[in-house]
4 protein chains.
Amino acid sequence: MRKLPAKLASQLYGAAELIAERGLDGTKIEDIAEATGIPKATIYYHLDGKNAVLEFLLTDLLEMIAGAVGVAVSSAEDARTRLEAAVAAQLGVMLEHPFLCRALVGDLGRATRLPDLAVALRSAFYEPIEKLLADGVADGSLRQVADPGAVALSVFGAITVAGLSAAVEGPSADPSADAARFSAAVSELILDGLATPRPRGGHESDDRP
Amino acid sequence: MRKLPAKLASQLYGAAELIAERGLDGTKIEDIAEATGIPKATIYYHLDGKNAVLEFLLTDLLEMIAGAVGVAVSSAEDARTRLEAAVAAQLGVMLEHPFLCRALVGDLGRATRLPDLAVALRSAFYEPIEKLLADGVADGSLRQVADPGAVALSVFGAITVAGLSAAVEGPSADPSADAARFSAAVSELILDGLATPRPRGGHESDDRP
Amino acid sequence: MRKLPAKLASQLYGAAELIAERGLDGTKIEDIAEATGIPKATIYYHLDGKNAVLEFLLTDLLEMIAGAVGVAVSSAEDARTRLEAAVAAQLGVMLEHPFLCRALVGDLGRATRLPDLAVALRSAFYEPIEKLLADGVADGSLRQVADPGAVALSVFGAITVAGLSAAVEGPSADPSADAARFSAAVSELILDGLATPRPRGGHESDDRP
Amino acid sequence: MRKLPAKLASQLYGAAELIAERGLDGTKIEDIAEATGIPKATIYYHLDGKNAVLEFLLTDLLEMIAGAVGVAVSSAEDARTRLEAAVAAQLGVMLEHPFLCRALVGDLGRATRLPDLAVALRSAFYEPIEKLLADGVADGSLRQVADPGAVALSVFGAITVAGLSAAVEGPSADPSADAARFSAAVSELILDGLATPRPRGGHESDDRP
DNA sequence: CATGAATGAGCATTCATTCAT
DNA sequence: CATGAATGAATGCTCATTCAT
């Protein structure tokens, strides 16, 4: 568990595709060694087993997302604008690292079982949104919703599944174009909704009689 | 290995929690045998191996979802109303089967790699929404969006992640109440969006100058 | 840990020489599998790992010794005669199973660390002697010694090391002749001692002033 | 790898207990490094591998024994007296180094397989006794026995097992008192034997009719 | 001299799966 | 039909040892 030398760290990324393709359980440490050029025993010298490889990889992804979203979220704009920026930021990072994303989905169960990852997951994806929702209500740029927790979850789902799905399609020739496209679609959905405007301004919560 | 006796089938559900908790790879056939009371060799007599167990379990879940959503979607209402119904239907089934849901997410990677499951997944979750979106544009109850594919994906994500998250929280005392709550939140989000109404009637797509 | 089928048990003896020669740690399960003709996985199906193999083998030896000695000890003779018989019995069994004996010595440390073996060891080797010493004092056939515990230990050592050493020499052409020879030497030593008779009838315990 | 610095040598003794407890195979060089405070690679710098550690430790013990016994044996007394002295000397050293003794027994198999140790073992333990037996016959202080080799072995066993057993009991508060006690018991046994004096002076070899 | 870092070679153990009954 | 017993195949991980500094 020593902190891996930068060189090894970078080599290790060579394993992401493998894991994305076959899942961690379907990937032998031996395969990882081969794919990365790092001898098996050396991997074990630096990392605490197979899970730690996944953990290392995903931690990195999660940090990148948390970082980018963090920046997007801390601008001076209103919450609504920052939400759009956050969506774009998250999708931008996801599409730039399709293999890591796929590895993440593919082993979501395991990721959830790794305590460190579980919290990183939460703080990278869910918490910024939750905060933004509250901010938006405060600054008037977002509506007050009945169940903010559930809505934040849904928003997170809307963004993430879009990103994941794009990642699964395979690496795109132009990730940032894809990101922009998906980003626009997601923002449109979560900001404006799908309902056609009602005659008299806005949709009241009368959908459940 | 078709049609296992009803009794076995029902016993097999006892394995869902195990798989949900540890993932399929983390669950030995032996464990499944123990948890269900079905002797290992008997499982093999009826099913084609470990994957088949997961496949059996998830196929069932997927069929239930596809069925419930199918019903919701085929009513005579407008698409917007049917979308709400579909959301409620999907969440209803998911929350009734939290372990199956968790097993599904946890082994999403594997599920994706099992051809039969992959298509069932798509047709249970994604396709009905896609269709509804189109219907809504046609009958005027839903807005035309720029990128219907991406939006459908997002909607699917919004619903599913909400449901999954609820499932992960652990079995609820009152699944249908939860379902209603989540269902309302998700519908509110995807139909009306989060943005506060703009001064002059609705939000124009001018958010990207 | 099921009770091994007789056939396997007998095949397993084929491993004794191997273990005697190289020690248990120097013997791969694979080697044992090869030497005995029992597939590796089958060994694991019946036994709980490598140690269990040694344990099984030695338990058997110890039972044989305990049995033979037990018979020798329960005759109606006086203790002195029974002690001679016990010596002969123990050496007889040991020389009949030189490989098991060598395995026992070679891995004495490990044997000691296996709780079951430790007690079997004690009850096969040490306890009968201890008992005989006491009996001998009672029936007048053996002298009262100052420290019976220490003496019993020494007697045990005198017998066992002789036997072990003979076993280490390699399998003899005529084990029972060897046994008789060693048995006579050991009995002579422990019964009569090495000191030449003192002028005035026997050697008094004046060697420690 | 000859003559390690005195400091290291003394640190190395810290490993004796470890090895006594777990056996050499159960002790990782890493463990030894930790227990002694000597870095792993430094051990290798001075010693030729794991076996060499054991060899170093045991060689030392054996030299101490050989030395002490040598002194005891070279006095001007008769062989009988010198035998008593040798017993006391051997037990004295053994009880002063209980961990080394246990390490020796525990890895007797391996010790036997290390050529240098095997001869040291012989010359420390067995040979002095053999010699004394012969001397005793010559000077009339010890009886002529039928099979001097076997008897010497037995004597060696009587002494050594007593010492070992004491060592295994754990370090005593007063090793030299223990040594004296065991020494007396062993001497009593091997000199006078256990048989009660026969009516007419001494026991004739009539025990095998 | 000493040692932190790196690794080659090995191996016990696991488990999905088969099959005789 | 069902299943206890048996096993082939696979692999994660360990550790003694080396070597550059």
Side-chain angles (χ1 to χ4, degrees), chain A residues 2-5 7-8 11 24-34 37-53, chain B residues 1 4-5 7-8 11 24-34 37-54, chain C residues 2-5 7-8 11 24-34 37-53, chain D residues 1 4-5 7-8 11 24-34 37-54:
Chain A
R2 306 150 183 74
K3 250 330 157 206
L4 339 169
K7 191 185 173 202
L8 285 199
Q11 284 176 286
L24 187 63
D25 282 303
T27 309
K28 292 178 280 201
I29 281 268
E30 178 111 27
D31 297 335
I32 296 179
E34 225 165 71
I38 311 170
K40 227 182 343 176
T42 302
I43 296 179
Y44 276 97
Y45 179 70
H46 291 286
L47 258 30
D48 269 356
K50 224 161 101 166
N51 273 346
V53 173
Chain B
M1 78 230 67
L4 32 169
K7 189 181 176 211
L8 285 198
Q11 284 176 286
L24 186 63
D25 281 301
T27 309
K28 294 180 275 199
I29 282 268
E30 181 102 29
D31 297 334
I32 296 179
E34 226 165 73
I38 311 170
K40 215 170 19 161
T42 303
I43 297 179
Y44 274 93
Y45 179 73
H46 291 287
L47 256 37
D48 256 1
K50 220 162 104 167
N51 275 342
V53 173
L54 189 70
Chain C
R2 307 150 183 75
K3 252 329 158 207
L4 342 169
K7 192 186 173 201
L8 285 198
Q11 282 176 287
L24 187 63
D25 282 302
T27 309
K28 291 178 281 202
I29 281 269
E30 179 109 28
D31 296 336
I32 297 180
E34 226 163 70
I38 310 170
K40 225 178 351 172
T42 303
I43 297 179
Y44 275 97
Y45 179 70
H46 291 285
L47 257 30
D48 269 357
K50 225 161 101 167
N51 273 346
V53 173
Chain D
M1 76 232 65
L4 31 171
K7 189 181 175 210
L8 285 199
Q11 284 177 288
L24 187 63
D25 280 303
T27 309
K28 294 179 275 197
I29 282 269
E30 180 101 31
D31 296 336
I32 297 179
E34 226 165 72
I38 312 170
K40 213 171 18 161
T42 303
I43 297 178
Y44 274 93
Y45 179 74
H46 291 286
L47 256 36
D48 256 3
K50 219 161 106 167
N51 274 341
V53 172
L54 188 69

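We name chains A, B, ... by the order of the sequence lines, and we start the count at 1 in each one. Side chains are part of it too, since the values below use all heavy atoms of this structure and drop only hydrogens, waters and symmetry mates.
- For the atom pair CD1 of C:Ile43 and CG of C:Leu4, the computed distance is 10.5 Å after rounding to the nearest 0.5 Å.
- Atoms CG (B:Leu8) and P (F:dA2) sit 7 Å apart, rounded to a whole Å.
- Remark: P of F:dT11 and CG of A:Leu24 are 13 Å apart, rounded to the nearest angstrom.
- Regarding contacts with the backbone of F:dA2, a side-chain N or O of B:His46 is found under 4.0 angstrom from either OP1 or OP2.
- Across all strands, A:Lys50 comes closer than 4.0 Å only to sugar-phosphate atoms, never to a base (heavy-atom distances).
- E:dC11 is paired with F:dG12 under the Watson-Crick or G-U wobble criterion, all donor-acceptor distances under 3.5 Å.
- Annotation: the span from A:Glu34 atom CD to A:Glu30 atom CD amounts to 6.0 Å, rounded to 0.5 Å.
- The NZ atom of C:Lys50 lies 5.5 Å from the CG atom of C:Asp25; values are rounded to the nearest 0.5 Å.
- Put simply, CG on A:Asp48 is 15 Å from P on F:dG12, counting in whole angstrom units.
- Within the shown strands, F:dT3 is the pairing partner of E:dA20 under the Watson-Crick or G-U definition, both distances less than 3.5 Å.
- Residue C:Thr42 places no side-chain N or O under 4.0 Å from the OP1 or OP2 atom of F:dA6.
- Rounded to an integer number of Å, the gap from CG of A:Asp25 to P of E:dA16 is 11 Å.
- Along DNA chain E, the nucleotide nearest A:Ala41 and the nucleotide nearest C:Gly49 are compared for position; the residue whose nucleotide lies closer to the 5' end is A:Ala41.
- Rounded to whole Å, the distance from CD1 on D:Ile38 to C1' on E:dG4 is 16 Å.
- Along DNA chain F, the nucleotide nearest B:Tyr44 and the nucleotide nearest D:Ile29 are compared for position; the residue whose nucleotide lies closer to the 5' end is B:Tyr44.
- Atom NZ in B:Lys28 sits roughly 14 Å away from atom P in E:dT13 (whole-Å rounding).
- Note that the NZ atom of B:Lys40 and the CG atom of B:Asp31 stand 10.0 Å from one another [nearest 0.5 Å].
- D:Ile43 places its CD1 atom 18 Å from the P atom of E:dC1, with the value rounded to the nearest Å.
- Rounded to a whole Å, the OH atom of C:Tyr45 is 15 Å from the P atom of E:dT14.
- To the nearest 0.5 Å, the span separating CD1 on B:Ile38 from CG on B:Leu8 amounts to 4.5 Å.
- Nearest-nucleotide positions on DNA chain E place A:Pro39 closer to the 5' end than the other of A:Pro39 and B:Glu30.
- Residue-to-nucleotide contacts include no donor-acceptor pair under 3.5 Å from the side chain of B:Lys40 to the base of F:dT3.
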